[in-house]
Amino acid sequence: MSASYSTQLTQRVSTLARKPLWPLFALLCLAVGLYPGIYLFVDRSFGLLATKPRELLADAAWNVAFYTHISLGGVALAVGWTQFASRLRNSSPGTHRLLGKLYVGSVLLSALAGIYIGFFATGGVIPSAGFVSLGIIWFCTTLSAYRLIKNRQLEAHRIMMTYSYAACFAGVTLRIWLPLMIPVMGEFVAAYRIVAWLCWIPNLAVAHLMTRRQPQVA
């Protein structure tokens, strides 16, 4: 008989964890997860805030959504990668579940806030559509993963969590792609319009390759 698909997926992720890139992956998640803390100690001309009009920066609703998104999104990014560490899952299932709940709660609030601020994205409708789409996908895949684990559908839960964290990892890939695309496009706004889509679509494609069912021979 062939091995179950759930076992295959776990083995694939575990194989990734044993490779030299795993420490780099974890480091990027932690570094970018902690990055939003910078906004608490700098003035309003830092980073993306420098591209926003004064009227928007003075809007209370936008500020609540912005800081909710970056702070809880940072938490999700910093803890979410641990859900794929088989050693933690096997040796400390209670910690795995606790971190999973922290991830889900952080994502749901961060994604909703991200959808809202996405409508005010720098560069107009193209990046807005990209970030709003990302927020919807992030929210839906995470909520679905939570519902699946509550129903003890482990195989489907692991698949959906892979998609959820692929969307979450857009926080990292955005910061990789943007400095690469600015010289190519010649300006920030043109690059930002592309990166609003480029930061997450390839991530989901990789998640699909990791989770798709491969034909098995009994």
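Index from 1, following the sequence. Values in this document were obtained by computation on a predicted structure and should not be read as measured data. Note that these values count all heavy atoms, side chains included, but never hydrogens, waters or copies made by symmetry.
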Is a side-chain donor or acceptor of [X] paired with a backbone partner of [Y] at a separation under 3.5 angstrom?
X	Y	result
H69	S110	yes
K52	F120	yes
H157	L148	no
T173	C199	yes
N151	Q153	no
W62	A58	no
Q83	M161	no
S128	G118	yes
T142	W138	yes

Report yes or no: do [X] and [Y] belong to one cluster of Ile/Leu/Val/Met/Phe/Trp/Tyr joined by side chain heavy-atom distances under 4.5 Å?
X	Y	value
V132	I70	yes
L109	V104	no
L72	I136	no
V125	L134	yes
M160	L204	no

Nearest heavy-atom pair of [X] and [Y]: which atoms, and what distance?
X	Y	value
A76	V107	CB-CG2, 3.6 Å
G123	V189	CA-CG1, 3.8 Å
A61	Y116	CB-OH, 3.8 Å
I126	R193	CG2-O, 3.8 Å
L56	N63	O-ND2, 4.1 Å
A196	P127	CB-CA, 3.6 Å

For Y146, look at atom OH and say whether over 12 heavy atoms of other residues, nucleotides or ligands are found less than 6.0 Å away.
-> no

Measuring from [X]:[atom1] to [Y]:[atom2], what's the distance to the nearest 0.5 Å?
X	Y	atom1	atom2	value
L98	Y103	CG	OH	15.5 Å
W197	L174	CH2	CG	14.0 Å
I159	H208	CD1	NE2	11.0 Å
I182	I194	CD1	CD1	11.0 Å
S106	L99	OG	CG	10.5 Å
N203	F169	CG	CZ	7.0 Å

Audit row: Y163, I137, side-chain contact (heavy atoms from CB on, under 4.5 Å) steps and yes/no = CA-CA 9 Å; Y163 281 109; I137 291 171; over 6 Å; no

Y192 ring center near F131 ring center (under 6.0 Å) = yes

